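What follows is a single structure, written as C-alpha cells, with notes after it.
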2 protein chains.
Amino acid sequence: MRLVVARCQIDYAGRLTAHLPMATRVLMLKADGSVLVHSDGGSYKPLNWMSPPCTLREGTTDEGQVEWTVTSRATSKGPDDTLRILIDEIHHDTQHELGIDPGLQKDGVEKHLQELLAEHPTTLAPGLTLVRREYPTAIGPVDLMCRDANGESVAVEVKRRGEIDGVEQLTRYLELLNRDPLLRPVRGIFAAQEIKPQARVLAGDRGIMCATVDYDALRGLDNADDRLF
Amino acid sequence: MRLVVARCQIDYAGRLTAHLPMATRVLMLKADGSVLVHSDGGSYKPLNWMSPPCTLREGTTDEGQVEWTVTSRATSKGPDDTLRILIDEIHHDTQHELGIDPGLQKDGVEKHLQELLAEHPTTLAPGLTLVRREYPTAIGPVDLMCRDANGESVAVEVKRRGEIDGVEQLTRYLELLNRDPLLRPVRGIFAAQEIKPQARVLAGDRGIMCATVDYDALRGLDNADDRLF
DNA sequence: ATTTAGATTTCGGCG
DNA sequence: CGCCGAAGTCTAAAT
C-alpha cells in the first residue's frame with residue numbers, strides 16, 4: 001500500500017468520462033494495482049478510482065510534469081478504462097506492508113432476518129405456521145411459505161428495506177403460485193424492517209399485507225427461547 | 001485528513017454488527033469526522049467505515065491499549081452507530097491539509113443516453129418520431145413518448161443496463177397509459193445499452209419490444225449532425 | 001463462468 | 001427534509 005498526498009488533476013475515460021480539476025487529494029495505491037482518489041469529505045466512496053485488475057505506468061508530459069496512467073483491459077462487462085493522474089506537486093509519499101486481511105464478519109443482514117421470522121412466524125400474523133424456508137418455484141425461491149389459521153397458503157417476502165421491487169417480486173411469485181390448484185388460494189405478506197410509502201401503496205393495491213419487523217425484538221424473542229433449554 | 005497505518009481490531013454495531021480481527025490496516029480520518037478502514041486489496045469500498053456526521057473519542061482500555069470510539073447519532077434513517085477501533089500498534093500517523101475539493105464532472109450517464117435517443121428515435125424503430133421527453137404521468141415521467149409510422153403511441157423506457165425492474169416500470173406506465181382513450185393503444189419499447197436475458201424474456205412475455213443501444217454509434221450520429229450545420 | 005439478488009449501499013434531484 | 005431513481009455501483013451466492 002502506497003499513500004500519496006498530491007496536488008493533481010484527474011481524467012477518467014471508460015464506462016463514462018469524468019474530470020477532476022487540479023487540487024490536493026489523497027491517492028491510495030493498493031498492492032493489487034487498484035487506485036483510489038479521496039478528498040477530505042464525502043463518504044466512503046472515492047472521487048475517482050480504478051478497480052483491479054489494472055496496471056499503473058509512470059510517465060512525463062511534454063511540460064515535464066509527472067503523469068500516472070492506470071489502465072485495465074476490456075472485459076465482457078465493460079470497455080477498457082483509463083485513469084490519467086497529472087501530478088503537480090507531491091506533499092507526501094509513503095509505502096506500507098499490510099499483509100492479507102483476515103476479512104470481515106457480518107451479522108444482521110436479510111438472511112438473519114429471514115431465519116428469525118422463520119422461527120417466529122406469528123409475529124407476522126396470528127396463527128401463522130411455517131411450511132418451509134426458501135420454498136422453490138420456477139422463478140426463484142419464496143423466502144417463507146406458510147399456512148394461516150384457516151390452513152390457507154401464505155407466501156412471505158422478506159426484505160431489510162421494503163421498496164417497490166420487493167412488492168413486484170412477491171407479486172410474480174403469487175401469480176405463479178396461484179396457478180397451482182393444490183396451493184391456491186395463496187395470499188402474500190411483505191415483511192421488512194422499514195417499508196417505503198410507495199411500496200406500501202402498491203402492496204395494498206394488490207391485496208398484499210405489509211408487516212414491519214422489529215429486528216431487535218425478534219432477536220430478543222430468540223434469546224428468550226434459548227434460555228428455556 | 002489524518003492517515004494512520006496501524007495494527008488494529010475493529011467492531012461495528014448499528015444497522016448490523018461486524019467484526020474485523022487484529023491486523024494491519026490503513027485508517028483514513030477525514031476532516032468531517034468520518035472514518036474509513038482500508039486493507040491492501042478489495043475494491044473502492046472500505047472494509048468498515050463511519051459516515052458523517054460523527055465524532056471520534058480517544059480512550060484507553062483496562063489493558064492500557066489505545067481505543068478510538070466513533071459514534072453517530074440516531075436519525076430517521078437508522079439507529080445510532082458505533083465503530084470501536086482497538087489499536088495494538090501505530091506504524092504511521094500523519095496529518096494533511098487538503099482544502100475543499102472542486103468536485104467531479106461526469107458525462108455519459110443515463111440522462112445523456114436519453115438525450116441522444118430523443119434526437120435519434122429512428123434508431124429504436126423505423127418511422128418513430130418524438131412527442132416529448134419526460135412525458136408526465138401520475139406514477140412518474142415516461143422517458144420518451146413517441147409516435148410510430150401509423151401514428152400510434154409508443155412509450156420508451158431508457159436504461160443504461162436493462163434488468164427486470166426496468167421492464168416492470170415500463171409495464172406500469174403502459175397499463176396506466178392504455179386507460180387513456182385518447183392515447184390507446186400504447187405499445188412499449190425497452191431501450192438499454194445492455195439487456196439481461198431474464199429482462200428480455202419478461203419483456204417478450206408482455207409484448208414489449210427490446211432495443212439494444214450503441215452509445216458510441218449514437219454519439220457518432222450526433223457529431224455527424226453537428227457537422228451538417 | 002455467468003447471472004442474480006443484496007448492500008451499513010451512496011448520491012443527486014425534485015417536491 | 002423526505003422520497004425516489006441511478007450508479008463506472010460492488011460483492012457473494014446460485015445456476
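None of the values given here were measured: they were computed from a predicted structure. In what follows, chains carry the letters A, B, and so on, assigned in the order in which the sequence lines appear, proteins first and then strands, with residues in each chain numbered from 1.
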Open item on the list: Heavy atoms only, 4.0 Å cut-off, all strands: where does A/Glu163 land among base, sugar-phosphate and nothing?
Closed with: nothing
Task: A/Leu128 vs A/Ile189, side-chain contact (heavy atoms from CB on, under 4.5 Å): CA-CA, chis, key distance, verdict - done: CA-CA 11 Å; A/Leu128 213 64; A/Ile189 296 181; 4.1 Å; yes
Open item on the list: Using the side-chain heavy atoms of A/Lys106, tell me which of these nucleotides is nearest: C/dT8, D/dA6, C/dT4.
Closed with: C/dT8
- [ ] Provide, to the nearest angstrom, the distance between the CG atom belonging to A/Asp81 and the P atom belonging to D/dA7.
- [x] 15 Å
Task: Whole-Å distance separating the CG atom of A/Leu202 from the C1' atom of D/dC4 - done: 14 Å
Open item on the list: Counting only side-chain heavy atoms from C-beta out, which of D/dC4, C/dG6, D/dC10 sits nearest to A/Arg15?
Closed with: D/dC10
Open item on the list: Both A/Ile164 and B/Leu104 contact DNA chain D. Which one's nearest nucleotide lies toward the 5' end?
Closed with: A/Ile164
- [ ] For D/dA6, take OP1 and OP2 only and decide whether either is under 4.0 Å from a side-chain N or O of B/Lys111.
- [x] no
- [ ] May I ask you to decide whether B/Glu168 forms a salt bridge with B/Arg206, counting only side-chain N to carboxylate O separations under 4.0 Å?
- [x] yes
Task: Pair A/Arg179 + A/Glu175, salt bridge at N-O below 4.0 Å - done: yes
Open item on the list: So A/Lys159, base contact, sugar-phosphate only, or nothing? Heavy-atom distance under 4.0 Å.
Closed with: sugar-phosphate
Task: Separation of C/dT10 P from B/Asp32 CG (nearest whole Å) - done: 13 Å
Task: Interface residues of residues 39-49 of chain B with DNA chain C (non-hydrogen, below 4.0 angstrom) - done: B/Lys45, B/Asn48, B/Trp49
Task: d(CG, A/Asp165; P, C/dA7) in whole Å - done: 13 Å
Open item on the list: Rounding to an integer number of Å, can you tell me how far B/Leu16 CG sits from C/dT8 C1'?
Closed with: 5 Å
- [ ] Classify the nucleic acid contact of B/Met50 as base, sugar-phosphate or nothing, counting any heavy atom under 4.0 Å across all strands shown.
- [x] nothing
Open item on the list: Output the rounded distance in Å from CD (A/Gln105) to P (D/dT11).
Closed with: 18 Å
TODO: Determine the minimum heavy-atom distance between B/Leu16 and B/Tyr12, stating which atoms define it.
DONE: O-CE2, 3.2 Å
Task: Listed nucleotide nearest any side-chain atom of B/Glu110, set C/dG6, D/dC3, D/dA7 - done: D/dA7
Open item on the list: Without decimals, in angstroms, what is the distance between B/Ile10 CD1 and C/dT8 P?
Closed with: 15 Å
- [ ] Anything below 3.5 Å on both distances counts as a pair; with that, list the stems of at least three consecutive Watson-Crick or G-U pairs involving DNA chain C.
- [x] C:1-7 with D:9-15, C:9-15 with D:1-7
Task: Span that lies between the C1' atom of C/dA7 and that of D/dA7, in whole angstrom - done: 13 Å
Open item on the list: Need to verify one output field. Residue with the more 5' nearest nucleotide on DNA chain D, A/Ala18 or A/Pro141?
Closed with: A/Ala18
Task: A/Ser51 side-chain N/O to D/dC10 phosphate OP1/OP2 under 4.0 Å - done: yes
